[in-house]
Structures are given as structure tokens and as C-alpha cells.
Enquirer: 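Sharing a structure below in C-alpha cells format, with a few things to ask.
Every value quoted in this text rests on a predicted model; they were computed, and no experiment measured them. Protein chains get the first letters and strands the later ones, always in sequence-line order, with residue 1 at the start of each.
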Amino acid sequence: MSFTLATWNINSVRLREPIVLKLLEEEAPDVLCLQECKSPVEKIPLEGFKALGYNHMVARGQKGYNGVAILSKIPMEEAGSEDFADLGHARHIAGKLENGVTVHNFYVPAGGDKPDREINEKFGQKLDYLTDMRDWFKAEKPEKSILVGDLNIAPREDDVWSHKQLLKIVSHTPIEVEHLAETQEAGGWVDITRQDIPAGLLYSWWSYRAKDWDAADKGRRLDHIWATGDISNSGHGSRILRDARGWEKPSDHAPVFATFDL
DNA sequence: ATGGTAGTCAAACTA
């Protein structure tokens, strides 16, 4: 059985319902994981998603900020949600698909502007969030699982437009990269996107603030698809739908895809 | 070094 999964930071699921529907119609992933829904769960517009065959959803939401949801054509039951770093934020939801695969959908804290926890509380919260993820997965020992989401870290030199210029910019600092690596190691996670596309510049986010995001192309790979080692060999076909960054009223993130044959 | 844009929800916060 083969299924395709996509992850997309949508930056308001209600405002961007039209382009979520466009993605579901044109690309038809079996599972779509969304972050930054910025909506209470009961206000997520489900009718159009259901009409396209996405009859299953698990989600956590809050008013105005954060929020994560998994839409699925495959029957799915909720498999819990965690509040790492005790922030009280809706940043994680897990679903277990009928095929036995568990999907973890994360929205890791962005971390503010200054990469110093002494003067910027948000940066400390981001590091603590990753440390709690690490410790949880170390105990949990996940199997037959996929982890996706906006992890808000671009770990590799070719995950950013300029490694040198971003070394002190939150999302690409060595301490964040180290925390992410420890989380990945603790769960035995394999980066499926980079398994498929092992070299070369790869971005999933471009700032709204650029005059011409496409021409400037100052992107970062903040959105990830990982899988546990027991199923990582079944992952293939990774891609990032850069086109979506240029759609009407776009998110600042593009959707990331991978297919798994199980 | 600064300011640039976008979303929520109606001023300030977050990204």
C-alpha cells in the first residue's frame, strides 16, 4: 500500500481555505498536515475538505495563534498530543492511520529575533521545546512513525540561501541545529526529504518581506518530513511545491511531499 | 543597522 503525505504551514486555515482546496484538488495527497491554523478546532472549515474525500481530521487549536491539524482520506484515529515546554500552545497532534502508521505533526516555536535565551525568552522556549521532544522520543522509542511539520530550523548549509549570513539568525544558529539533531537522533528519525534529495539548495519558506521572493530566492528549509528507521526505506518521491508560494494570497511556506510504500 | 509584510482582531502581538 502506497500513500502520499504533505505538510504545509498554512498561516491561517480559514483565510486560506481556497488554496488548501486547490492543493487537495490538484495534488491529492492522502494525508495533509497543517500548521499555524490560527483557529479553534470547531472553526476549521471542514465541509470543502470532506467533499474532496478528506473525511478524517485530528487537530488542536487555539484562538489567533498556533494550531495543528491532520486531514486524511485514510481512516485515522487520534494518537495524543503533547504540550512540550509547558507553553500551553497547540503545537502537536498525532494520528494513527488505518495502515498502522503514526503521524506526528509539529509546529515548533519560532524563537523570536535574538538567539540568546538570556535576553529573549522565546529563544529559550524554543530550545526547551526541542529538549522536551528529544527526551519524550528517547522514552517513547517510536516505530512505524512519520514526523512532519514546521520545525522552524534549517539545519544544513544548503537549507538556507546563505549559511554565513544566517549563522546568527534564529532558525540556523549552531545551538538550534544541535538541538534538532539531538531530537532526530533520540527518535531514530531519518530525514526523508534529504534521503531523496541528498544535495543542493532546498527551501520551503520565503519571507513575506522580500520585494520579490521568487527573484531574490532568499529561502530556508524549515519544513520537514522524517520517518523512523523501520520504514525510512519505503520513503521516496520527496518534493517541495514551490509554485504554491506564488498562489493567490499565499502562505509564506510551500508544501513538502513524500510518498511511502508499505 | 534597520525595516521590510502578513494575520488576528481591533492594540499589540507573533511570525
Side-chain angles (χ1 to χ4, degrees), chain A residues 7-23 33-45 59-69 83-92 105-117 119-130 148-155 159-162 164-173 176-177 179-180 203-224 240 242-256:
Chain A
T7 179
W8 197 9
N9 178 318
I10 197 60
N11 188 16
S12 174
V13 69
R14 283 182 277 169
L15 187 70
R16 281 185 238 293
E17 181 186 5
I19 61 169
V20 174
L21 291 170
K22 180 178 167 73
L23 184 88
C33 299
L34 298 171
Q35 303 86 34
E36 275 207 273
C37 297
K38 294 186 172 176
S39 172
V41 173
E42 63 274 15
K43 289 192 175 177
I44 296 175
R60 283 291 182 277
Q62 60 186 91
K63 204 173 92 173
Y65 301 99
N66 310 313
V68 285
D83 178 24
F84 295 123
D86 300 316
L87 300 173
H89 295 173
R91 295 183 177 275
H92 170 253
N105 182 19
F106 278 99
Y107 175 48
V108 171
D113 285 335
K114 298 263 192 301
D116 178 352
R117 70 185 309 156
I119 57 172
N120 169 21
E121 182 186 35
K122 287 194 179 61
F123 192 71
Q125 290 172 349
K126 181 179 196 174
L127 298 180
D128 292 346
Y129 193 94
L130 290 159
V148 308
D150 177 3
L151 306 185
N152 264 314
I153 297 172
D159 290 337
V160 294
W161 65 275
S162 168
K164 242 183 187 169
Q165 289 180 77
L166 289 175
L167 270 171
K168 291 179 179 172
I169 301 298
V170 173
S171 74
H172 192 61
T173 63
E176 290 169 86
V177 172
H179 275 66
L180 188 69
Y203 312 141
S204 66
W205 173 88
W206 295 261
S207 173
Y208 282 128
R209 296 172 189 175
K211 277 196 189 114
D212 183 339
W213 71 272
D214 194 28
D217 201 20
K218 293 184 171 179
R220 306 177 201 169
R221 187 172 71 103
L222 303 179
D223 303 275
H224 300 266
I240 297 178
R242 182 184 172 114
D243 273 5
R245 180 61 179 79
W247 288 354
E248 185 80 20
K249 277 281 208 176
S251 166
D252 44 355
H253 295 253
V256 182

Enquirer: Please state the P separation for the pair B:dC9 and B:dT5 - nearest whole angstrom.
Expert: 22 Å
Enquirer: For chain A and DNA chain B, what are the first and last nucleotides along the strand, 5' to 3', with at least one atom under 4.0 angstrom from a heavy atom of the protein chain?
Expert: B:dG4 to B:dA15
Enquirer: Please give the distance between the P atoms of B:dT8 and B:dG3 as a whole number of Å.
Expert: 26 Å
Enquirer: Of A:N9 and A:S12, whose closest DNA chain B nucleotide lies nearer the 5' terminus?
Expert: A:S12
Enquirer: Mind checking what makes side chain to side chain donor-acceptor pair (under 3.5 Å) contact with A:D223, not counting sequence neighbours?
Expert: A:S204, A:H253
Enquirer: Excluding sequence neighbours, so at least two apart, what forms side chain to side chain donor-acceptor pair (under 3.5 Å) with A:S207?
Expert: none
Enquirer: Expected output is a numbered-order residue list: members of residues 207-221 of chain A with a heavy atom under 4.0 Å from any atom of DNA chain B. What is it?
Expert: A:Y208, A:R209
Enquirer: Which part of the nucleic acid, if any, lies within contact of A:R245, taking any heavy atom under 4.0 Å across all strands shown: a base, the sugar-phosphate backbone alone, or nothing?
Expert: nothing
Enquirer: List the residues meeting side chain to side chain donor-acceptor pair (under 3.5 Å) with A:D159, not counting sequence neighbours, and say none if there are none.
Expert: A:R194, A:R221
Enquirer: Hey, which of these two, A:P250 or A:H253, hits DNA chain B nearer its 5' end, going by closest nucleotide?
Expert: A:P250
Enquirer: Excluding sequence neighbours, so at least two apart, what forms salt bridge (Lys or Arg N to Asp or Glu O under 4.0 Å) with A:R242?
Expert: A:D214, A:D217
Enquirer: Got a sec: does the CD of A:E248 have more than 12 other heavy atoms crowding it under 6.0 Å?
Expert: no
Enquirer: Determine the interatomic distance between P on B:dT2 and the same-named atom on B:dG7; round to the nearest Å.
Expert: 27 Å
Enquirer: For the P atoms, the ones on B:dA11 and on B:dA1, what distance do you get once it is rounded to whole angstrom?
Expert: 35 Å
Enquirer: Can you name the residues that form a salt bridge (Lys or Arg N to Asp or Glu O under 4.0 Å) with A:R220, not counting sequence neighbours?
Expert: none
Enquirer: Residues in ring pair (Phe, Tyr, Trp, His ring centres under 6.0 Å) with A:F123, at least two apart?
Expert: none
Enquirer: Any side chain to side chain donor-acceptor pair (under 3.5 Å) pairs touching residues 11-22 of chain A, not counting sequence neighbours?
Expert: A:N11-A:K38, A:N11-A:Y208, A:R14-A:S39, A:R16-A:Y208, A:K22-A:E26
